[in-house]
Peer 1: 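The following block contains the structure, expressed as structure tokens.
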Amino acid sequence: MTDLVPEPTGSYDLAVIGAGSAGLAGAVSACELGLSVALLDSSPQPGGQFYRHPAPALGAVRPEALHHDWSAFSDLRRRLSASDIAHLTGHHVWSVVREADDSWSVHAVTGADGTAERPVRVRARALLLATGAYERQLPFPGWTLPGVVGAGGAQAMLKSGLVLPGRRVVVAGSGPLLLAVASSLAAAGARVPAVVEASGYARYARRPRALLTNPRKAAEALVHSAALLRHRVRLRLRSAVTEVHGTDRVEAVTVTRLDRDWRPARGAGRRIDCDALAVGHGLVPQIELATSLGCATRVLPDRTLGLALDDLQETSVRGLWAAGETGGVGGAELARTEGELAGRAVAARLRGGRGAGAGRTAGLRRRRDRMRAFADVMAAAHAPGPGWTAWLDDTTDVCRCEEVTAGRVREAVADLGARDARTVKLLTRAGMGWCQGRMCGTAVACLAARDGRGEPPAERRPFAVPVPLATLAALDETTAPGTAQSKAP
């Protein structure tokens with residue numbers, strides 16, 4: 001086993017996990033203020049999910065055509081290239097450990113799938129988590145058919161692989177991502193019969209100040225809306241795809257009108273022919289590494305969990321900062337702002353307050369607060385209603401990994417007394433598969449809750465990603481995963 005001992009790559013002032021908008025901004029800002037920085041990311045290219053772009057081998061002439069605000073990413077990428085940041089690509093971080101001297105050990109496995117090369121350990125005085133988010137999926141009959149993809153997944157296929165999920169694609173779910181996905185697919189040549197939004201947009205009007213102070217968000221919505229009009233894409237509000245039809249793959253979907261609680265109206269279903277469905281009901285902050293260290297969380301307006309952060313993006317665990325979607329989903333511009341704010345805060349802490357720029361920091365805080373207010377409005381406007389569980393019949397798979405149906409979950413609740421997602425998991429194995437509940441966690445929690453509004457708890461998992469057994473066997477007592485301490489009052 002000696003050849004599998006974790007390979008140290010050096011010690012740094014700051015380790016940043018995630019090379020999306022927040023991680024890039026935090027890394028380059030801290031480096032430019034004099035810190036040594038390691039930037040770890042599972043992808044071979046920087047940019048995260050938002051700025052996915054084709055590999056050079058695909059020969060894309062204008063990858064920026066599928067993005068807005070590409071210049072901001074280009075600037076971050078240029079600053080990264082010009083820096084001495086250790087950009088560690090293909091690094092899948094599975095654990096973070098607080099050492100006795102209050103430094104951090106970041107454990108990762110490398111390679112495209114995390115099993116190709118040696119395990120790695122990176123040491124750092126401070127840590128910035130910029131791990132992003134993943135899509136929230138609500139099941140419905142037929143959602144496991146080939147041709148059903150996540151809305152963000154469809155966009156990723158197009159941005160990174162230059163491929164479409166189908167020729168005739170219905171886009172459905174809830175949230176502003178749907179407009180961006182539909183306009184991108186239509187511009188790339190797909191026929192989009194409809195964008196099916198389960199919520200409406202009236203709730204935005206209840207917070208006019210948040211709208212007026214974020215004019216760029218309104219401009220983005222207008223750009224996407226104009227693209228949908230140009231491509232004759234119909235927008236269906238207060239509706240949902242409640243069933244997918246087909247044998248070997250998607251052939252059509254049923255779109256049903258919903259009431260304000262997302263319950264389907266009887267006799268209001270309409271069949272739309274298509275060969276693919278791109279569906280997603282918002283994003284869920286990816287906070288497994290943070291919760292494994294005991295970081296405090298807060299309930300967001302859409303009833304997901306985000307990290308509780310102070311004014312300078314530090315978590316409840318001293319020396320551990322977070323930025324971007326980990327504190328709540330708000331888009332690339334907010335993520336860049338929070339990343340830079342966190343990078344400056346780390347530099348100020350480690351350098352005794354020298355050179356961080358108090359004026360710049362104050363401006364970043366004001367901008368962050370303004371955009372975070374809009375993000376909260378957006379989350380509340382598109383939060384799933386409790387009535388969505390009426391879409392499910394008892395044969396619908398809820399947990400795809402373990403093939404647990406809605407009927408089995410309901411039986412665990414009604415007959416066996418389960419009242420939360422954890423108990424349902426113990427009784428049915430829902431959430432015990434490869435995705436560890438990321439796909440089914442929301443659905444299981446809602447079915448278990450009395451009011452249909454449940455959300456999965458912030459479970460403290462020892463491993464954030466799958467890790468080979470040989471990697472664990474190679475760890476000694478000094479590198480074994482542990483917990484961190486909260487900030488002193």
Side-chain angles (χ1 to χ4, degrees), residues 1-20 22-24 26-27 30-31 35-49 80 84-99 103-134 286-293 295 315 317 319-324 326 339 346 434-436 438 460-484:
M1 283 299 200
T2 56
D3 61 331
L4 285 176
V5 173
E7 177 184 349
T9 62
S11 296
Y12 303 87
D13 292 322
L14 173 64
V16 181
I17 301 175
L24 284 173
C31 182
L35 301 190
S36 59
V37 179
L39 176 61
L40 300 89
D41 193 56
S42 58
S43 174
Q45 300 183 93
Q49 297 294 334
L80 174 65
D84 59 0
I85 293 172
H87 184 198
L88 307 177
T89 61
H91 280 59
H92 306 257
V93 177
W94 61 272
S95 179
V96 176
V97 181
R98 188 68 171 267
E99 302 292 355
S103 67
W104 298 97
S105 284
V106 180
H107 292 273
V109 288
T110 60
D113 57 1
T115 61
E117 301 175 23
R118 296 169 64 90
V120 170
R121 183 176 74 240
V122 174
R123 296 289 297 271
R125 297 168 63 195
L127 188 65
L128 171 57
L129 297 181
T131 46
Y134 55 89
Q286 190 162 322
I287 58 176
E288 291 89 347
L289 283 171
T291 55
S292 72
L293 294 166
C295 291
T315 70
V317 174
L320 174 57
W321 283 261
T326 53
V346 174
W434 183 261
C435 82
Q436 287 293 285
R438 291 174 179 85
R460 297 178 63 171
R461 298 189 179 101
F463 309 132
V465 299
V467 58
L469 183 60
T471 298
L472 301 181
L475 297 175
D476 57 31
E477 292 183 0
T478 63
T479 61
T483 59

Peer 1: Would you give the length of the straight line joining atom CG of Leu129 to atom CH2 of Trp321, rounded to the nearest 0.5 angstrom?
Peer 2: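 One gets 11.5 Å once the value is rounded to the nearest 0.5 Å.
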Peer 1: Could you report the tightest heavy-atom contact between Leu40 and Ala15, atom names first, then the distance?
Peer 2: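 Scanning both residues completely, I find the closest heavy atoms to be CD1-CB, 4.3 Å.
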Peer 1: Within 45° of the ring axis of Trp104 and under 6.0 Å from its six-membered ring centre, is that where the NZ or CZ of Arg125 lies?
Peer 2: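 Verdict for Trp104: no cation-pi partner in Arg125.
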Peer 1: Would you compute the distance between atom CD of Gln286 and atom CD of Gln49 and round it to the nearest 0.5 angstrom?
Peer 2: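 The CD atom of Gln286 sits 9.0 Å away from the CD atom of Gln49.
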Peer 1: Say whether Ser36 and Asp13, considering side chains only, have a donor N or O and an acceptor N or O under 3.5 Å apart.
Peer 2: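 Checked: Ser36/Asp13 side chains pair up, N/O donor to acceptor below 3.5 Å.
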Peer 1: Are side-chain N/O atoms of Glu99 and Ser105 paired as donor and acceptor at under 3.5 Å?
Peer 2: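 The answer is yes; a qualifying pair exists.
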Peer 1: I need the minimum non-hydrogen distance between Cys31 and Asp84, along with the two atoms involved.
Peer 2: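 Cys31 and Asp84 have their closest heavy atoms at SG-OD1, 3.2 Å.
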Peer 1: For the residue pair Gly26 and Leu14, what are the closest heavy atoms and their distance?
Peer 2: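 Closest heavy-atom pair between Gly26 and Leu14: O-CD2, 4.5 Å.
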Peer 1: What's the shortest heavy-atom distance between Ala130 and Gly23, and which atoms?
Peer 2: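 Result for this residue pair: CB-N, 3.5 Å.
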Peer 1: Output the distance between atom NE2 (His92) and atom OG (Ser43), rounded to the nearest 0.5 Å.
Peer 2: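 It comes to 9.0 Å.
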Peer 1: Would you say Leu39 and Leu24 make side-chain contact, with heavy atoms under 4.5 Å?
Peer 2: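 Yes, their side chains come closer than 4.5 Å.
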Peer 1: Got Arg98 and Val317 here, is their nearest side-chain heavy-atom distance under 4.5 Å?
Peer 2: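 In contact.
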Peer 1: Determine the minimum heavy-atom distance between Glu288 and Thr291, stating which atoms define it.
Peer 2: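 Answer, listing the atom of Glu288 first, then Thr291: O-OG1, 3.2 Å.
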Peer 1: Taking all atoms of both residues into account, what is the closest heavy-atom pair of Asp41 and Gly18, and its distance?
Peer 2: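 That closest heavy-atom pairing would be OD1-CA, 3.6 Å.
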Peer 1: Rounded to the nearest 0.5 Å, what separation is found between the OG1 atom of Thr315 and the CD1 atom of Ile287?
Peer 2: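 Between Thr315 OG1 and Ile287 CD1, I get 11.0 Å after rounding to 0.5 Å.
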Peer 1: Indicate yes or no: at least one non-hydrogen side-chain atom of Val37 is less than 4.5 angstrom from one of Tyr12.
Peer 2: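 Counting from C-beta outward, Val37 and Tyr12 never come under 4.5 Å.
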Peer 1: Please tell me if the side chains of Val96 and Ile17 come closer than 4.5 Å, counting only heavy atoms from C-beta onward.
Peer 2: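 When only atoms from C-beta onward are counted, Ile17 and Val96 do touch, with a gap below 4.5 Å.
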